[in-house]
K.L.:
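Structure incoming, see below.
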Amino acid sequence: MKIEIQHEFSTSAGAIIVPLAKQAELKETISFIAGKTGLSAALLHTDFSAEAKEMQVVYFQTEEQPKRLILLGLGEEPSIQTIITAFRRLVFKNKSRLPLHLAISFLHAPAEIRWIEAASNGIALGLYDIGLYKTEEKTPAAFDLDKLDLELLVPRDLQPIAKRTALRGFAIGQTQCEIFDLVNAPANKKTPQELARWAVASGQQHGYSVTLFDCPQLESMGMMALLAVNRGSEHPPVLIVMEYKPDGKALRKIGLVGKGVTFDTGGLNIKPSTNLFYMKSDMGGAAAVLGAMETAAKLRLPVHLVAVVPATENSVDGLSTRPGDVIGSYSGKTIEVIDTDAEGRLVVADALSFLIKNHQPDIVIDLATLTGSTIRTLGTQAGGLFSNNDELAEALLNIGYQTGERLWRLPLWKEYLDELKSDIADLKNLSSSPTAGAITAAKFLECFIEDHSAWAHLDIAGVTITDSEFSRQKSATAFGVRLLTEYFMGFSNLP
Ligand code: BES
Ligand code: ZN
Ligand code: ZN
C-alpha cells in the first residue's frame with residue numbers, strides 16, 4: 001500500500017471520493033468541486049443533497065484520462081459509525097470496479113482527523129468476504145489493500161498526522177475482519193483449542209506472549225467453575241493467557257477477560273431450538289479481547305496488557321453439570337448452579353479471580369455475551385456497561401460514543417445482590433427474580449473481582465452479532481475491538 005498526502009483538490013487518481021455531510025456549507029463545497037472538475041454545478045446541486053446512504057457517481061474528463069467523482073452522502077452531523085459504514089458500503093458494492101489509484105478528499109468542512117481513520121477503517125471492512133466455507137472458486141477482488149495507491153487530500157493542519165491515522169484505520173480494520181471470521185465461524189470449526197491456536201499464531205506474528213492452561217492444569221489450579229461448565233463437552237477447556245508489554249514505559253497495566261463459550265446449548269437447562277445456531281457467537285467477548293490484543297501489539301500501544309480467555313463449550317451429556325449442583329471456583333467461593341444456561345458468569349468469574357490474583361492489573365475490563373436481558377433492555381444499539389469506578393465508566397462511555405461502539409451504564413446497587421444468596425452455598429448463579437437479569441449477572445461477577453477498585457463489565461450480548469446490509473443472517477460486528485484500541489490509545493497522552 002502506498003499513501004500520499006496532498007493539500008489541494010487535484011489528483012492523478014482514477015477516482016476521487018468526497019465524503020460530505022448535509023450542512024450549510026454543502027452548496028459552496030459543491031460549487032467548488034464543480035469548478036475544479038468542469039462539471040455542472042447546477043446539476044450537482046439538484047442531484048446530490050448529501051443524505052445518509054446517498055451516493056452519486058459522475059464522470060469527467062481531464063487531459064490525462066476520464067475520471068470518476070464519487071460523492072458520498074453522510075447526512076446531518078454524521079457519527080463515526082456513519083462514516084465507517086458509508087466507506088464500507090462503497091467498497092463492499094464496488095470492489096470489482098474501484099481503481100487501485102484512489103483519492104479521498106477531506107478538504108471540506110467539517111472533515112476532521114477522525115474521518116480519515118473512519119474512512120480507511122471502512123475501506124478495510126468493505127473487503128471482508130463472509131463466504132468462509134464456500135467452495136466456488138473466488139475471483140480475487142480487483143481492489144486490494146496491498147496494491148492500493150491512495151492519495152489523501154487533507155487541509156494543511158491535518159497533514160502531519162493524516163498518513164499515520166489512515167494506516168491505523170486500515171490496520172484495525174484488518175484485525176476486525178479476522179475477528180469477523182472467528183465469530184462467524186461455526187462451533188465445529190472453532191473449538192476452544194482452535195481459539196487457542198488463533199491466539200498463539202497472532203501472538204507470534206504481532207509480538208505478544210500466549211500461555212495455555214490445559215484440563216489437567218486447570219484441575220490442579222482449581223478452576224472449578226470453568227471445569228463445571230465444560231463437563232458435558234467432548235472438547236477439553238483451555239485457559240488462554242496473553243501478555244503484551246510495550247518496548248517503552250507502560251503507563252498502565254490493564255487486565256482483560258473475554259467470555260469464550262464456543263457454543264452455548266444451555267447445558268441441561270437446554271435452550272429452545274429456534275435460532276440456537278447463533279449461540280456459536282457466544283465467544284464474542286473472547287473475540288473482542290483477542291482482537292484488541294492484536295491491534296495493541298500491532299500498533300505498539302503504550303499499555304501493558306494481560307488478557308485471560310476461558311474457552312469451553314457448554315454442552316449436554318451424561319456428565320454435564322446438573323441444575324442444583326454445587327460447584328467450587330478459583331476464588332474458593334461455592335456456587336449453587338440453579339441454571340446451567342447461566343454459564344457465562346461462571347467461566348468469567350474464574351477468569352476474573354485468576355487474572356486479579358495472579359497479575360494485579362491497575363484496571364480490569366471484561367467483555368461477555370452474558371445475558372438476553374441486555375438485549376431486551378438496549379437492543380442492538382449499545383452494550384451494557386457496569387462499573388464500580390466512575391472515572392473508568394466515563395472514559396469507556398465517551399470512547400464508545402466516539403467509536404460508534406456505544407455503551408449504556410446500568411447500576412450495581414448492593415440490594416441486587418440479595419437475589420443471589422443461596423441456602424446451601426455461598427452464592428447461586430441465577431437470581432430468584434426474573435427481573436434485572438443483566439444487573440444480577442454483573443453483581444455475580446462483582447463477587448469475584450477480589451475487591452478490585454477499577455473494574456468494568458461490558459455485556460455485549462446484543463451487539464456482537466447484528467443484522468446488517470453486509471450479510472443475510474446476523475453477522476459479526478467485532479464490537480469491542482475499536483473501543484478497546486481507542487481506550488488504550490488514550491494512555492499515550494498521559495504524563
Ligand atoms: N449466552 C447467553 C446470553 C445470550 C443470549 C447471548 C442471547 C446472546 C444472545 C447466556 O449464557 C445465557 O444463556 N443467558 C441466559 C441466562 C439465564 C439462564 C439466567 C439468558 O440471558 O437468557
Ligand atoms: Zn447460557
Ligand atoms: Zn452463554
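We count ligands from 1, going down the list as the structure has it; atoms in each ligand are counted the same way.
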K.L.:
Got an N/O contact under 3.5 Å between D339 and ligand 1?
P.N.:
no

K.L.:
Without hydrogens or angle criteria, can the side chains of D459 and T371 be said to hold a donor-acceptor pair below 3.5 Å?
P.N.:
yes

K.L.:
Over 60° means perpendicular and under 30° means parallel, so tell me whether F444 and F448 are parallel, tilted or perpendicular.
P.N.:
tilted

K.L.:
By number and element, which atoms of ligand 1 are closer than 4.0 Å to a non-hydrogen atom of G372?
P.N.:
5 (C), 20 (C), 21 (O)

K.L.:
Just jot down the ligand 1 atoms closer than 4.0 angstrom to any heavy atom of A461, in number order.
P.N.:
6 (C), 8 (C)

K.L.:
As an exercise, identify every atom of ligand 1 less than 4.0 angstrom from a heavy atom of K259.
P.N.:
1 (N), 10 (C), 11 (O)

K.L.:
List the atom of L127, the atom of F143, and the distance in Å for their closest heavy-atom pair.
P.N.:
CD2-O, 3.6 Å

K.L.:
Is the distance between the ring centroids of F92 and F470 under 6.0 Å?
P.N.:
yes

K.L.:
Would N269 and T340 count as having a side-chain donor-acceptor pair, cut-off 3.5 Å?
P.N.:
yes

K.L.:
Using a distance threshold of 2.8 Å, state whether an N, O or S atom of K259 lies below it from the Zn ion (ligand 3).
P.N.:
yes

K.L.:
Can you find an N or O of D282 that's nearer than 3.5 Å to an N or O of ligand 1?
P.N.:
yes

K.L.:
Hey, which atoms in ligand 1 end up nearer than 4.0 Å to a heavy atom of E343?
P.N.:
11 (O)

K.L.:
Does the side chain of N429 pick up a donor-acceptor pair with the side chain of E343 at under 3.5 Å?
P.N.:
no

K.L.:
Any atoms of ligand 1 less than 4.0 Å from a non-hydrogen atom of I375? List them with their elements.
P.N.:
7 (C), 9 (C)

K.L.:
Does F213 have its ring centroid less than 6.0 Å away from the ring centroid of F354?
P.N.:
yes

K.L.:
In the protein, which heavy atom is nearest to atom 17 (C) of ligand 1, and how far is it?
P.N.:
L430 CD1, 4.3 Å

K.L.:
E343: which N/O/S atom is nearest the Zn ion (ligand 3)?
P.N.:
OE2

K.L.:
As a check for students: among D459, L370, N269, identify the option with a heavy atom nearest to atom 10 (C) of ligand 1.
P.N.:
L370

K.L.:
Looking only at N, O or S atoms in D264, which is nearest to the Zn ion (ligand 2)?
P.N.:
OD2

K.L.:
Checking T466 against S468: is there a side-chain donor and acceptor pair closer than 3.5 Å?
P.N.:
no

K.L.:
For D282, what is the atom name of its N, O or S atom nearest to the Zn ion (ligand 3)?
P.N.:
OD2

